[in-house]
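First up is the structure itself, then whatever we jot down about it.
Counting starts at 1 for both ligands and their atoms, in listed order.
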Amino acid sequence: MAVLITGGAGYIGSHTAIELLNAGKEIVIIDNFYNSCPVVLDRIKELTGKEFAFEKCDIRDKDALNEVFNKYSIDSVIHFAGLKAVGESCQKPLLYYENNIGGTVTLCQVMAAHGCKTMIFSSSATVYGQNNQSPLTEDMKIGSTTNPYGTTKYFIEQILTDVSKSDVEWSICLLRYFNPIGAHESGRIGEAPNGIPNNLMPYITQVAEGKREHLFVYGDDYMTPDGTGVRDYIHVVDLAKGHLKALEKSKTQKGVAIYNLGTGRGYSVLEVVAAFEKASGVKIPYVIAPRRPGDLATCYSDPSKAERELFWKAEKGIEEMCADAYRWQHNNPNGYED
Ligand code: UD1
């Protein structure tokens with residue numbers, strides 16, 4: 001039986017595909033390449049020495065999804081496919097609702113029709129919204145999201161919870177990611193944003209590579225030790241391993257289970273800059289800019305539930321995250337375009 005990975009050519013999907021293949025799992029990847037490219041698939045093969053199935057497919061296309069389920073014996077799905085840019089989601093909310101929510105509903109319908117009722121869903125710490133204090137725990141009230149992207153994650157969590165209530169055969173795991181950064185230690189796969197990066201680490205690596213003049217630090221007047229925003233950065237390979245643990249767990253329990261995947265430790269923007277400079281030996285010039293709308297001062301996890309129930313714990317520290325992110329950027333200055 002195979003695990004279907006939707007969005008498996010993307011940043012987190014590709015790292016997860018490698019962990020599954022290395023654990024001896026059979027996988028089928030689908031992706032529409034909206035925000036990724038085919039060369040990633042060659043790199044996954046190169047890094048694992050393993051073959052796997054791939055189908056170009058959009059999760060909104062029910063007929064195409066049905067064909068995938070007819071062709072392969074799929075017993076579980078890790079669902080990454082979705083749009084993820086906060087700014088773009090404010091400009092194109094309907095595209096986000098159609099793609100993320102509509103796509104997930106279609107995927108669930110096709111899964112149910114084929115008797116496949118195990119899903120690991122790629123959620124986000126963004127669902128905790130503005131009204132909770134860190135460290136964030138899974139039992140906190142969610143919602144009050146600050147942008148349509150975050151709202152799609154919140155709504156999908158609600159939809160999947162309703163699906164599981166309607167049919168006790170479903171086993172659904174909602175994984176709330178904190179801030180994934182870093183890259184595979186080989187430097188062969190990593191995060192390759194289109195255009196100007198929205199997120200901190202890809203922006204820093206592009207400054208390090210001379211592609212951008214300096215970093216803009218969005219706000220230095222937050223109620224944090226140095227005034228800059230504090231986040232729970234997690235190495236993407238640790239995050240990928242969390243999916244393998246969630247998959248194992250889902251075989252033994254039904255219903256909905258929710259886990260934070262983070263380190264439990266927050267770093268400020270300036271601490272990340274310092275860690276990056278230490279790991280790479282490259283100076284990162286920065287200027288202080290106004291706060292970015294929708295940003296929180298502090299956001300970090302309590303990851304103890306995942307440790308207790310999934311036997312998973314993030315192992316890689318901030319310097320390793322920075323060193324791996326830099327290696328990826330330095331070896332692939334233009335992402336996968338080289
Ligand atoms: C954002 C999204 C989150 C999403 C994540 C993807 C919200 C509110 N946030 O998280 O849902 O899952 O991206 O990784 O929906 N910063 C700078 N300069 C920059 C970029 C960022 O100073 O050029 C600062 C930010 O103000 C923040 C920190 O760096 O304090 C991290 O920002 P970022 O990497 O964009 O992640 P989040 O905003 O935490």
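- Under a 4.0 Å heavy-atom criterion, S124 is in contact with ligand 1.
- Between L200 and ligand 1, at least one N/O pair is under 3.5 Å apart.
- Close contacts between ligand 1 and T146 involve ligand atoms 8 (C) [criterion: under 4.0 Å to a heavy atom].
- Counting the atoms of ligand 1 from 1 in the order shown, those under 4.0 Å from a heavy atom of D295 are 25 (C), 26 (O), 38 (O).
- Looking only at atom types and distance, the side chain of T145 has a donor-acceptor partner in the side chain of T151 under 3.5 Å away.
- The N198 neighbourhood of ligand 1 comprises atoms 20 (C), 35 (O), with distances under 4.0 Å to a heavy atom of that residue.
- A ring-centre distance under 6.0 Å is not found for F155 and F121.
- Ion pairing of D238 with K241 is absent here, as no side-chain N (NZ or NE/NH1/NH2) approaches a carboxylate O to less than 4.0 Å.
- With ligand atoms numbered from 1 in the order given, ligand 1 contributes 22 (O) to contacts under 4.0 Å with heavy atoms of V217.
- In the candidate list Y218, Y222, Y149, Y218 is nearest to atom 23 (O) of ligand 1, counting heavy atoms.
- Not a single heavy atom of Y286 sits under 4.0 Å from any atom of ligand 1.
- For the residue pair D324 and H235, a side-chain donor N or O sits within less than 3.5 Å of a side-chain acceptor on the partner.
- Remark: minimum distance from atom 24 (C) of ligand 1 to any protein heavy atom is reached at V269 CG2, 3.6 Å.
- At least one N or O atom of F216, backbone or side chain, sits closer than 3.5 Å to an N or O atom of ligand 1.
- For V230, no heavy-atom contact with ligand 1 is shorter than 4.0 Å.
- Evaluated by nearest non-hydrogen atom to atom 6 (C) of ligand 1, the leading choice among N179, T145, N199 is N199.
- Side chain to side chain, E26 and Y72 fail the donor-acceptor criterion of an N or O pair below 3.5 Å.
- Residues satisfying the side chain to side chain donor-acceptor pair (under 3.5 Å) criterion with R176, sequence neighbours excluded, are Y128, E157.
- Using a 4.0 Å cut-off between charged side-chain N and carboxylate O, E138 and K305 make no salt bridge.
- Of the listed residues (K153, R231, R212), the one carrying the non-hydrogen atom nearest atom 39 (O) of ligand 1 is R231.
- For atom 31 (C) of ligand 1, the choice among Y233, Y267, Y177 with the nearest heavy atom turns out to be Y233.
- By the 30° and 60° cut-offs, the orientation of the rings of F216 relative to H214 is perpendicular.
- At least one N/O-N/O distance between R292 and ligand 1 falls below 3.5 Å.
- Classification of E98 and R60 as a salt-bridged pair holds, one side-chain N sitting under 4.0 Å from a carboxylate O.
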